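Some notes on the structure that comes next.
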Amino acid sequence: MQEYYYVPPTAQRNDEIARRNFERQRRIENEKHELRTVSCYLGAAIIAYLVIQTVASYVLMKIPNAYTLYSENSVFQTAFNIIAVSILSVALPFGVVALINKKRCARPIIPSERVGGFNCAIWVCFGMGCCIVSNVVVSFVVVFFESVFGLELTQGTTLEPDSVFACVMEVIGIAIIPAICEEFAMRCCSLQLLKKYGKGFAVFAVSTVFGLLHGNVIQFLFAFMIGCILGLMTVKTNSVIPAMLVHGFNNGMSALQSVVLYATGNEDISDRVITIIYLFWIVTGIISALVLLFKGEFKRQKTYQGNLTVGQRLGAFLCPGMIIPFAILILITASTVKTI
């Protein structure tokens, strides 16, 4: 004869609560594990970025006369940077990581939704306006560090073009190739892998990586701020095209200044040309920001449907995958701060 036992309602509720808590904790641990895995892969891409550049520099030093040519010939320097840095160090490692983790992406690795011409122009003008503002902010930071702390924030320099062909290479090597390769690595491969953990979190994490990869404080500050804008543009439009255009136009201003200087031989003229372009982007940037605000593009939307808090996501992203890569990048960045 089967026996039946009476279970009080309170005990049933407690069992149900315990079961739900256990399931929630299991989901949290699974999500942490998956984020740590993605972080380890991205950390490996950063290590590859550093190793490939180190090997390329070593080879450059060992080949007879190659380093002298790199130091004196702008065409060779630009071509070397395109191949060794933009393609092999940036695009390749992050592209491989994205392919390995393709199944973890909720959307295609390359966000390529069609963006209308008007909307694209509005986002590009807004992004370029933010670039100008960020440039001004970084300039104030540099002056502040020099005047208050007596510290000089240094950054690498490149050779000025000395021929028409060198000018063409300057535009390709500074404005076009880096915009494609870096946006592919950051706003495609990295952002798409992290977006499932919240768009805001993904934009912040990728922008931090993007800033540190530049290897000096000045470019870290600028690249981090612009990285946040480029990430915002990418997640809002679901397309990487506006971000690539902004990246290219921003870098292109530096290339244009060098080209105008070569063509005219007058530094004042090149400065005036860049000033006019700056004013154009400021005006169109303000107008675009107002248009986007009116359209409600800046309204905050809850995009994360998981179980982790912001602190848990940051912890899982940083440890263990990013500890060593970030430590190396921070040391490299800190080494560019000099005492006056």
Side-chain angles (χ1 to χ4, degrees), residues 39-58 60-61 70 77 80-81 84-86 88-94 97 130-131 133-158 173-174 178-179 181-183 185-187 189-191 194 201-231 247 250-251 254 314-315 317-340:
S39 171
C40 287
Y41 274 110
L42 292 176
I46 295 173
I47 296 296
Y49 165 87
L50 296 168
V51 169
I52 292 171
Q53 288 195 57
T54 302
V55 171
S57 299
Y58 177 80
L60 187 68
M61 296 292 289
Y70 178 86
Q77 185 181 89
F80 180 85
N81 289 338
V85 180
S86 295
L88 295 181
S89 299
V90 177
L92 181 61
F94 286 93
V97 164
C130 291
C131 287
V133 173
S134 298
N135 227 325
V136 173
V137 171
V138 171
S139 297
F140 276 114
V141 171
V142 171
V143 173
F144 176 79
F145 268 81
E146 289 181 354
S147 59
V148 177
F149 299 109
L151 298 175
E152 181 183 6
L153 305 182
T154 63
Q155 59 180 330
T157 57
T158 57
I174 292 180
C181 292
E182 291 176 17
E183 290 310 306
M186 296 292 106
R187 256 57 68 176
C189 301
S190 303
L191 187 65
L194 293 173
F201 167 79
V203 168
F204 175 82
V206 172
S207 299
T208 303
V209 172
F210 182 54
L212 287 173
L213 288 180
H214 284 76
N216 63 78
V217 176
I218 294 175
Q219 288 183 299
F220 165 75
L221 294 172
F222 182 78
F224 173 76
M225 288 187 286
I226 294 307
C228 290
I229 298 301
L230 297 178
H247 197 145
N250 176 71
N251 290 10
S254 175
L314 287 173
F317 176 73
L318 290 173
C319 186
M322 288 292 171
I323 294 297
I324 293 177
F326 271 19
I328 297 172
L329 291 174
I330 289 171
L331 286 174
I332 293 173
T333 302
S335 69
T336 63
V337 180
K338 309 293 183 182
T339 304
I340 299 177

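Since this is a predicted model, take the numbers as computed values, not measurements. Counting begins at 1 with the first residue of the sequence.
- From Asn135, atom CG reaches atom CZ of Phe222 across 5.0 Å, with rounding to the nearest 0.5 Å.
- Closest of all the heavy-atom pairs between Ala84 and Ile52 is O-CG2, 4.1 Å.
- The shortest heavy-atom contact between Gly231 and Leu191 is O-CD2, 4.3 Å.
- Ser190 and Phe94 make their closest contact through OG-CD2, 3.4 Å (heavy atoms, listed as atom of the first residue, atom of the second, distance).
- Phe204 places a side-chain heavy atom less than 4.5 Å from the side chain of Leu314.
- When every heavy atom of Phe80 is checked against every heavy atom of Ala56, the shortest pair comes out as CZ-O, 3.7 Å.
- Formation of a donor-acceptor pair under 3.5 Å by the Ser39 side chain with backbone atoms of Leu318 is not found in this model.
- Considering only heavy atoms from C-beta on, Leu212 stays 4.5 Å or farther from Ile46 through its side chain.
- Taking both residues in full, the closest heavy atoms of Ser86 and Cys181 are given as O-CB, 3.3 Å, listed atom of the first, atom of the second, then distance.
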Notebook entry, point to check: Going through the distances and angles, do Glu182 and Leu213 end up as a side chain to side chain contact (heavy atoms under 4.5 Å, CB included)?
Noted result: CA-CA 10 Å; Glu182 291 176 17; Leu213 288 180; over 6 Å; no

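- Side-chain atoms of Thr54 and Tyr58, non-hydrogen and from C-beta on, never get closer than 4.5 Å to each other.
- Checking Val337, Val138, Val143 one by one against Leu153, the side-chain contact (heavy atoms from CB on, under 4.5 Å) holds for a single residue, Val337.
- Across Pro93 and Ala45, no two heavy atoms sit closer than the pair CB-O, 3.7 Å.
- Residues Ile47 and Ile328 form a side-chain contact, since some pair of their non-hydrogen atoms from C-beta on lies under 4.5 Å apart.
- Ile229 CD1 to Phe224 CZ: the interatomic distance, rounded to the nearest 0.5 Å, is 10.5 Å.
- Residues in residues 206-221 take part in these side-chain hydrogen bond (donor to acceptor under 3.5 Å, both in side chains) pairs, two or more places apart or across chains: Asn216-Gln219.
- Within the structure, the side-chain hydrogen bond (donor to acceptor under 3.5 Å, both in side chains) test picks out no pair touching residues 327-340 (sequence neighbours left out).
- The distance from the SG atom of Cys130 to the CG atom of Leu230 is 9.0 Å, given to the nearest 0.5 Å.
- By the side-chain contact (heavy atoms from CB on, under 4.5 Å) test, Asn81 pairs with Tyr70, Gln77, Val85, sequence neighbours left out.
- Taken to the nearest 0.5 Å, the CG atom of Leu60 stands 12.0 Å off from the CD atom of Gln53.
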Under the criterion side chain to side chain contact (heavy atoms under 4.5 Å, CB included), I'd like the reasoning laid out for Phe317 against Leu42: C-alpha separation, chi angles, the key distance, then a yes or no.
CA-CA 10 Å; Phe317 176 73; Leu42 292 176; 4.3 Å; yes

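- Taking CZ of Phe210 as the start and SG of Cys228 as the end, the distance is 10.5 Å to the nearest 0.5 Å.
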